[in-house]
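Below is the structure I would like to discuss, written out as structure tokens.
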Amino acid sequence: MAAKDVFHNVVKTALQKDGWLITDDPLTLRVDAFTDLFIDLGAQKLLAAEKEGQKIAVEIKTFLGQSAVTDFHMAMGQFTNYRYALADSEPERVLYLAIPLNAYNEFFTRPFIQSVIQRGQVSLIVYDVENEEIVRWQT
């Protein structure tokens with residue numbers, strides 16, 4: 001199992017503040033007899049009884065490495081693998097990539113990165129590390 005990201009508990013708290021129930025920490029996907037994948041969090045939205053519950057899976061990234069481009073390559077690779085695995089095992093669950101606000105403002109607003117995110121149909125959760133809050137949902 002992979003180590004928890006440095007901001008794992010920040011995102012977990014932020015999701016709970018936003019009304020999400022953490023159902024899996026981590027969300028384990030058995031892809032085949034030899035491969036298990038571990039997405040950082042699974043969550044379910046607490047909604048009024050008359051509405052259908054929403055389910056999400058969240059892969060948390062810090063972008064604290066020396067190269068944002070390298071971090072982005074690694075994040076996109078994981079995101080793609082997890083999305084395919086979820087489509088096979090839990091197609092009702094929407095996968096999000098959680099990134100800190102400073103990484104969003106400094107890197108993810110670049111035109112090329114925005115283009116990759118849009119063409120790759122990557123859903124983002126942008127979180128504020130200090131306040132432990134979700135500041136943006138982007139689908």
Side-chain angles (χ1 to χ4, degrees):
M1 182 180 320
K4 290 185 179 179
D5 189 272
V6 68
F7 294 141
H8 183 94
N9 288 331
V10 169
V11 174
K12 187 175 176 179
T13 299
L15 286 168
Q16 290 169 328
K17 283 182 175 179
D18 203 47
W20 291 88
L21 173 67
I22 304 301
T23 58
D24 302 89
D25 183 6
L27 175 62
T28 303
L29 301 175
R30 173 144 290 220
V31 177
D32 58 38
F34 307 103
T35 310
D36 290 328
L37 300 176
F38 304 97
I39 301 174
D40 290 319
L41 294 172
Q44 188 168 356
K45 185 73 168 180
L46 298 173
L47 295 174
E50 68 270 14
K51 292 185 178 181
E52 289 286 322
Q54 298 173 304
K55 290 184 175 182
I56 63 173
V58 180
E59 180 58 22
I60 302 165
K61 293 298 173 199
T62 61
F63 284 81
L64 294 174
Q66 293 191 0
S67 167
V69 172
T70 299
D71 289 347
F72 184 66
H73 287 306
M74 293 175 62
M76 290 301 294
Q78 272 187 307
F79 186 90
T80 301
N81 289 339
Y82 293 167
R83 181 165 49 197
Y84 291 142
L86 274 175
D88 291 340
S89 62
E90 295 190 46
E92 74 282 0
R93 197 179 291 271
V94 177
L95 179 62
Y96 283 86
L97 181 64
I99 57 172
L101 180 59
N102 65 334
Y104 181 81
N105 289 336
E106 295 172 12
F107 184 74
F108 280 78
T109 54
R110 296 177 185 176
F112 176 72
I113 302 305
Q114 283 286 311
S115 175
V116 171
I117 294 296
Q118 288 173 354
R119 285 193 269 174
Q121 299 178 339
V122 177
S123 297
L124 298 176
I125 294 174
V126 181
Y127 59 93
D128 180 333
V129 174
E130 288 186 24
N131 295 315
E132 298 185 333
E133 293 178 345
I134 306 298
V135 294
R136 180 183 181 98
W137 293 84
Q138 180 176 317
T139 56

Using atom types as modelled and distance alone, determine if a side-chain donor or acceptor of Gln16 lies under 3.5 Å from a backbone N or O of Leu21.
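Checked: no pair found.
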Linked, directly or transitively: Ile99 and Leu101 (ILVMFWY side chains, under 4.5 Å):
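Shared cluster, yes.
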Under the side-chain hydrogen bond (donor to acceptor under 3.5 Å, both in side chains) rule, collect the residues that match up with Thr139, sequence neighbours excluded.
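Here no residue qualifies.
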Test of understanding: with side chain to side chain contact (heavy atoms under 4.5 Å, CB included), list the residues that count as partners of Ala14, not counting sequence neighbours.
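For Ala14 the side chain to side chain contact (heavy atoms under 4.5 Å, CB included) partners, ignoring immediate neighbours, are Ile134.
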For residues Thr62 and Pro100, report the shortest heavy-atom separation together with the two atoms involved.
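For Thr62 and Pro100, the tightest heavy-atom pair comes out as O-CG, 3.1 Å.
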Within the distance-only criterion (no hydrogens, no angle test), does the side chain of Arg30 pair as donor or acceptor with the backbone N or O of Asp36 below 3.5 angstrom?
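No; zero donor-acceptor contacts below 3.5 Å.
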List the steps, then state whether side chain to side chain contact (heavy atoms under 4.5 Å, CB included) holds for Phe108 with Val126.
CA-CA 10 Å; Phe108 280 78; Val126 181; over 6 Å; no
Between Asp40 and Val11, is there a side-chain heavy-atom distance shorter than 4.5 Å?
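Sidechains of Asp40 and Val11: no contact.
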Does Ile125 belong to the same Ile/Leu/Val/Met/Phe/Trp/Tyr cluster as Leu97, with side-chain heavy atoms less than 4.5 Å apart forming each link?
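Looking at the clustering, Leu97 is in a separate group from Ile125.
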With sequence neighbours excluded, residues passing side-chain hydrogen bond (donor to acceptor under 3.5 Å, both in side chains) with Thr35
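Thr35: side-chain hydrogen bond (donor to acceptor under 3.5 Å, both in side chains) contacts with Asp32.
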Tell me, please, which residues at least two apart from Arg110 pass side chain to side chain contact (heavy atoms under 4.5 Å, CB included).
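Residues passing side chain to side chain contact (heavy atoms under 4.5 Å, CB included) with Arg110: Phe107, Ile113.
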Quick check for you: to the nearest 0.5 Å, what is the distance between Arg83 atom CZ and Met76 atom CE?
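Arg83 CZ to Met76 CE: 7.0 Å, rounded to 0.5 Å.
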Minimum-distance pair of heavy atoms, taken over all atoms of Asn131 and Lys17
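Looking at all heavy atoms of both residues, the shortest contact is O-NZ, 2.8 Å.
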Using the side-chain hydrogen bond (donor to acceptor under 3.5 Å, both in side chains) criterion, which residues pair with Gln138? Sequence neighbours excluded.
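Testing Gln138 for side-chain hydrogen bond (donor to acceptor under 3.5 Å, both in side chains), a comparison that skips the adjacent residues, returns Tyr104, Arg136.
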For a 4.5 angstrom cut-off between non-hydrogen side-chain atoms, does Asp25 reach His8?
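Of all side-chain heavy-atom pairs linking His8 with Asp25, at least one is under 4.5 Å.
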Return yes if some donor-acceptor pair links the side-chain N/O of Asp128 with the main-chain N/O of Val135 below 3.5 Å, else return no.
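Checking the backbone N and O of Val135 against the side chain of Asp128, no donor-acceptor pair under 3.5 Å is found.
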Reported CZ-to-CD distance for the pair Phe7 and Glu132, which is rounded to 0.5 angstrom:
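Phe7 atom CZ to Glu132 atom CD measures 10.5 Å (nearest 0.5 Å).
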Ile60 and Trp137: same hydrophobic cluster, using ILVMFWY side-chain contacts below 4.5 Å?
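Yes.
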Taking distance alone, no hydrogens or angles, what donor-acceptor pairs closer than 3.5 Å link side-chain atoms of residues 117-124 to residues at least two apart or in another chain?
residue : atom : partner : partner atom : Å
Arg119  : NE   : Ser115  : OG           : 3.0
Arg119  : NH2  : Ser115  : OG           : 2.8

Do you know which two heavy atoms are closest between Ala85 and Leu29, and how far apart they sit?
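Distance-wise, the nearest heavy atoms are CB-CD1, 3.8 Å.
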Going only through I, L, V, M, F, W and Y residues with side-chain contacts under 4.5 Å, is there a path from Phe112 to Phe79?
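Linked, Phe112 and Phe79 end up in one cluster.
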Nearest atoms (heavy-atom pairs only) where Tyr127 meets Ala98
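Heavy atoms of Tyr127 and Ala98 come nearest at CE2-C, 3.5 Å.
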Does the plane of the ring in Phe72 sit parallel, tilted or perpendicular to the ring in Phe63? Use 30° and 60° as the thresholds.
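Ring orientation of Phe72 relative to Phe63: tilted.
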Heavy-atom closest contact (Leu27 atom, Glu90 atom, distance):
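Smallest interatomic distance, heavy atoms only, reads CD1-OE2, 3.7 Å.
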Does Ile56 belong to the same Ile/Leu/Val/Met/Phe/Trp/Tyr cluster as Tyr84, with side-chain heavy atoms less than 4.5 Å apart forming each link?
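No, because Ile56 and Tyr84 fall into different hydrophobic clusters, even though each may have its own neighbours under 4.5 Å.
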Between Val58, Asn81, Leu95, which is the residue that forms a side chain to side chain contact (heavy atoms under 4.5 Å, CB included) with Ile39?
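Among the candidates, only Leu95 passes.
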